Amino acid sequence: MKIPLFKTYSDQHDIDAVSEVIRRGTYWAIGPEIEQFEKKIADFIEVKYALAFNSGTSALHALLLAHNIKGKEVIVPSFTFIATANAVVLAGGIPVFAEVEPETFSLEAEDVEKKITEKTAAILPMHYGGFVSRDIEKLRKIADKHNLLLIEDAAESLGSEKNMKLAGTFGHSAIFSFCQNKVISTGEGGMAVTESKEIFEKCRLYRSHGRVELPENYFDSSADNDYTLAGYNYRMPTMNAALGISQFAKISSMISARREIAEKYTKAFSEIKQIKTMQEKDCISVYQMYTITLDSRKIRDSLQSFLKENSIASKIYFFPVHQKTVYQHTNAENLSLSITEEISKKVLSIPVYPSLKEEETDFIIQKISEFFRKR
């Protein structure tokens with residue numbers, strides 16, 4: 001593609017950060033940069049505990065294990081990356097798919113409350129594309145009313161706000177992702193955050209084989225660690241953490257660049273009646289993705305083909321998870337989520353990333369405008 005959907009931004013500082021760890025020749029695993037990165041994220045969103053993982057999926061899996069949702073129901077969106085639901089299954093829970101709302105494409109509070117049963121343990125909303133869920137405050141009230149956990153899948157929304165409150169701070173715990181297309185990236189990586197020392201310590205056990213950590217680094221110590229549960233190797237490599245620290249130093253400028261491009265798109269597309277754009281209502285988005293909604297699947301698919309012909313990448317985020325083969329032999333087999341299914345037929349994400357050039361943005365707008373002028 002001439003213009004890809006995303007490019008991971010990097011500079012010499014990122015190269016130097018990773019190179020320093022490599023040249024050091026020690027602590028490629030369990031190095032000091034990991035705790036430094038954790039502290040930066042914890043301080044940034046003002047939570048007590050943050051724990052780095054090798055992916056956002058690993059972080060969510062460990063978090064759900066720590067919250068002990070085994071055998072219980074967890075209400076999740078179907079309009080999400082499949083990891084949101086898969087992590088529930090891997091932790092022994094039962095995903096219950098609920099409807100999303102059409103403004104920020106996150107769990108719709110009214111339908112969530114309808115799905116609550118005596119088996120429900122948690123509500124797991126996903127903040128879509130750099131926005132904060134429209135109903136996140138309502139979902140917290142519902143969770144408190146029914147004595148349920150609220151766990152945020154904030155993989156795509158590090159730095160986004162709603163009513164002066166950051167994504168990842170509305171629930172009892174949350175996760176972020178640092179995959180290559182996120183606002184800051186470590187290639188692969190994730191972070192679990194929580195106010196609970198108990199959950200933090202359990203997640204730390206699950207992250208590293210169930211090992212009880214001693215004051216001295218595992219690779220420096222001659223002592224025999226105890227292991228209290230069967231955990232996983234979900235640790236983030238030190239090079240990734242060093243990259244995360246370097247990337248984090250640029251988070252404000254990278255968010256500003258994304259927002260500038262999004263503002264330009266939104267202004268241009270406001271003149272095209274067949275396009276609906278996501279609006280910031282009591283919310284500041286980091287625009288991890290820029291998603292437009294078209295009038296029909298036919299128009300969406302035609303536009304995507306037209307963009308491809310003009311070497312502009314685009315992608316559909318997301319197709320409904322409850323319709324995937326893996327969930328066709330569960331309680332989702334005959335499930336109908338009309339809003340989710342309708343939204344999935346109409347959305348299209350177009351390129352947005354800090355290094356997207358002005359002439360490239362103009363070209364994308366020009367081609368989308370041209371497509372609709374021809375109709």
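Computed from a predicted structure; not experimentally measured.
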Near Asp43 CG, under 6.0 Å, is it more than 12 heavy atoms from other residues, nucleotides or ligands?
yes
Which class fits the ring pair Tyr128 and Phe105: parallel under 30°, tilted 30 to 60°, perpendicular over 60°?
perpendicular
Enter the distance from Leu150:CG to Asp144:CG here, rounded to the nearest 0.5 Å.
8.0 Å
State whether the number of non-hydrogen atoms from other residues, nucleotides or ligands found under 6.0 Å of Glu110 atom CD is greater than 12.
no
For a quick check under 3.5 Å, do Ser253 and Ser256 share a side-chain donor-acceptor pair by atom type?
no
Taking the ring centre of each residue, are Phe131 and Tyr287 less than 6.0 Å apart?
yes
Can you check whether Leu107's main-chain N or O pairs, donor with acceptor, with Asp111's side chain at less than 3.5 Å?
no
Give a yes or no on whether the ring-centroid distance for Phe53 and His61 is below 6.0 angstrom.
no
Check whether Ser78 reaches the backbone of His322 with its side chain - one donor and one acceptor, N or O, closer than 3.5 Å.
yes
Compute both the distance and the angle, then confirm whether Lys165 meets the cation-pi test with Phe170: under 6.0 Å from the six-membered ring centre, within 45 degrees of the axis.
yes
Does Arg300 use its side chain to pair, donor to acceptor, with the backbone of Val347 at less than 3.5 Å?
yes
Pair Glu118 + Lys72, salt bridge at N-O below 4.0 Å
no
Please confirm whether Lys39 makes a cation-pi placement over Phe44, using NZ or CZ under 6.0 Å from the six-membered ring centre and within 45° of the ring normal.
no
Crowded around Tyr227 OH? As in, over 12 foreign heavy atoms under 6.0 Å?
yes
So do Asp14 and Gln247 actually touch side chain to side chain, heavy atoms under 4.5 Å?
yes
Does CD belonging to Glu358 count more than 12 external heavy atoms closer than 6.0 Å?
no
Are the side chain of Glu161 and the backbone of Ile284 linked by a donor-acceptor contact shorter than 3.5 Å?
no
Taking the basic N atoms (NZ, or NE/NH1/NH2) and the acidic carboxylate oxygens, is any pair closer than 4.0 Å for Glu342 and Lys346?
yes
Side-chain heavy-atom pair Gln279, Glu103 within 4.5 angstrom cut-off:
no
Check: Val352 and Phe6 side chains under 4.5 Å, non-hydrogen atoms:
no
Below 4.0 angstrom, N of the basic side chain to O of the carboxylate: do Glu20 and Arg23 qualify?
no
Determine, stepwise, if the pair Ser58 / Ser55 fulfils side-chain hydrogen bond (donor to acceptor under 3.5 Å, both in side chains).
CA-CA 5 Å; Ser58 300; Ser55 73; 2.9 Å; yes
Please lay out, stage by stage, how Ile82 and Val326 fare under the test side-chain contact (heavy atoms from CB on, under 4.5 Å).
CA-CA 10 Å; Ile82 199 166; Val326 65; 4.0 Å; yes
Would Lys119 and Glu73 pass as an ion pair if we require N to O under 4.0 Å?
no
Tell me whether Glu280 at atom CD has more than 12 heavy atoms from other residues, nucleotides or ligands lying less than 6.0 Å away.
yes
Measure the shortest side-chain to side-chain distance between Leu158 and Ile45 over non-hydrogen atoms and say whether it is less than 4.5 angstrom.
yes
Would you say that Leu64 contacts Leu60 through its side chain, given a criterion of any heavy-atom pair below 4.5 Å between the two side chains?
yes
Salt bridge check, Asp11 against Lys250: does any charged N sit closer than 4.0 Å to a carboxylate O?
yes
Test item: Glu156 side-chain N/O and Gly129 main-chain N/O as donor-acceptor pair under 3.5 Å:
yes
Exam field: side chain Thr238 to backbone Tyr27, donor-acceptor pair closer than 3.5 Å:
yes
Does Glu101 reach the main-chain N or O of Thr104 with its side chain, forming a donor-acceptor pair under 3.5 Å?
yes
Could you give the distance from CD1 (Ile75) to CD1 (Ile151), rounded to the nearest 0.5 Å?
12.0 Å
Are Glu198 and Lys202 close enough for a salt bridge, meaning some N to O gap below 4.0 Å?
yes
Could you tell me which non-hydrogen atom of Ala85 sits nearest to which non-hydrogen atom of Val321, and how far apart they are?
CB-CG1, 4.1 Å
Tyr49 reachable from Ile199 in the ILVMFWY side-chain graph, under 4.5 Å edges:
no
Okay, side chain of Glu152, backbone of Met126: is any donor-acceptor separation there less than 3.5 Å?
no
Pair Phe37-Thr186, side-chain contact (heavy atoms from CB on, under 4.5 Å): steps then yes or no
CA-CA 11 Å; Phe37 186 33; Thr186 59; 4.3 Å; yes
With no hydrogens and no angle check, do the side chains of Thr120 and His146 hold a donor and an acceptor under 3.5 Å apart?
no
Show the numbers, then the answer: is there a side-chain contact (heavy atoms from CB on, under 4.5 Å) between Ile275 and Ile368?
CA-CA 10 Å; Ile275 294 178; Ile368 291 176; 3.7 Å; yes
Establish, from distance only, whether the side-chain atoms of His127 and Ser157 form a donor-acceptor pair under 3.5 Å.
no
Run the salt-bridge test on Lys264 and Asp362 with the 4.0 Å N-O cut-off and return the result as yes or no.
yes
Could you tell me whether the side chains of Thr266 and Thr277 share a donor-acceptor contact shorter than 3.5 Å?
no
Verify whether one side chain among Asn54 and Tyr232 offers a donor that lies under 3.5 Å from an acceptor in the other.
no
Answer yes or no for Arg258 and Tyr353: cation-pi contact, defined as NZ/CZ to six-membered ring centre under 6.0 Å and angle to ring axis within 45°.
no
When you check the gap from the basic side-chain N to the acidic O, do Arg235 and Glu213 get nearer than 4.0 Å?
no
Should Asn233 and Ser208 count as side-chain neighbours, where that means a heavy-atom distance under 4.5 Å?
no
Evaluate side-chain contact (heavy atoms from CB on, under 4.5 Å) for Phe248 paired with Ile251, printing each intermediate quantity in order.
CA-CA 5 Å; Phe248 182 77; Ile251 190 169; 4.2 Å; yes
Can any side-chain N or O of Trp28 pair as donor or acceptor with the backbone N or O of Val21 at less than 3.5 Å?
yes
Contact between Phe371 and Ile272 at the side-chain level, heavy atoms closer than 4.5 Å - yes or no?
no
Test log, rule salt bridge (charged side-chain N to carboxylate O under 4.0 Å, His left out), inputs Lys182 and Glu188:
CA-CA 10 Å; Lys182 301 303 189 293; Glu188 287 282 7; over 6 Å; no
With no hydrogens and no angle check, is any side-chain donor or acceptor of Asn225 less than 3.5 Å from a backbone partner on Val212?
yes
State whether the number of non-hydrogen atoms from other residues, nucleotides or ligands found under 6.0 Å of Gln366 atom CD is greater than 12.
yes
If you measure from the Lys or Arg side-chain nitrogens to the Asp or Glu carboxylate oxygens, is any gap between Glu341 and Lys345 under 4.0 Å?
no
Membership question, hydrophobic clusters at under 4.5 Å side-chain separation (ILVMFWY): are Ile175 and Leu166 in the same one?
no
Taking Glu113 first and then Lys145, would you say they form a salt bridge - that is, a charged N and a carboxylate O separated by under 4.0 Å?
yes
In the structure I gave you, are the side-chain heavy atoms of Arg134 and Glu108 within less than 4.5 Å of one another anywhere?
yes
Begin from the C-alpha positions of Thr340 and Glu99 and carry the test side-chain hydrogen bond (donor to acceptor under 3.5 Å, both in side chains) through to its verdict.
CA-CA 6 Å; Thr340 294; Glu99 196 61 277; 2.5 Å; yes
Mutual orientation of the aromatic rings belonging to Phe97 and Tyr327 [parallel < 30°, tilted 30-60°, perpendicular > 60°]:
perpendicular
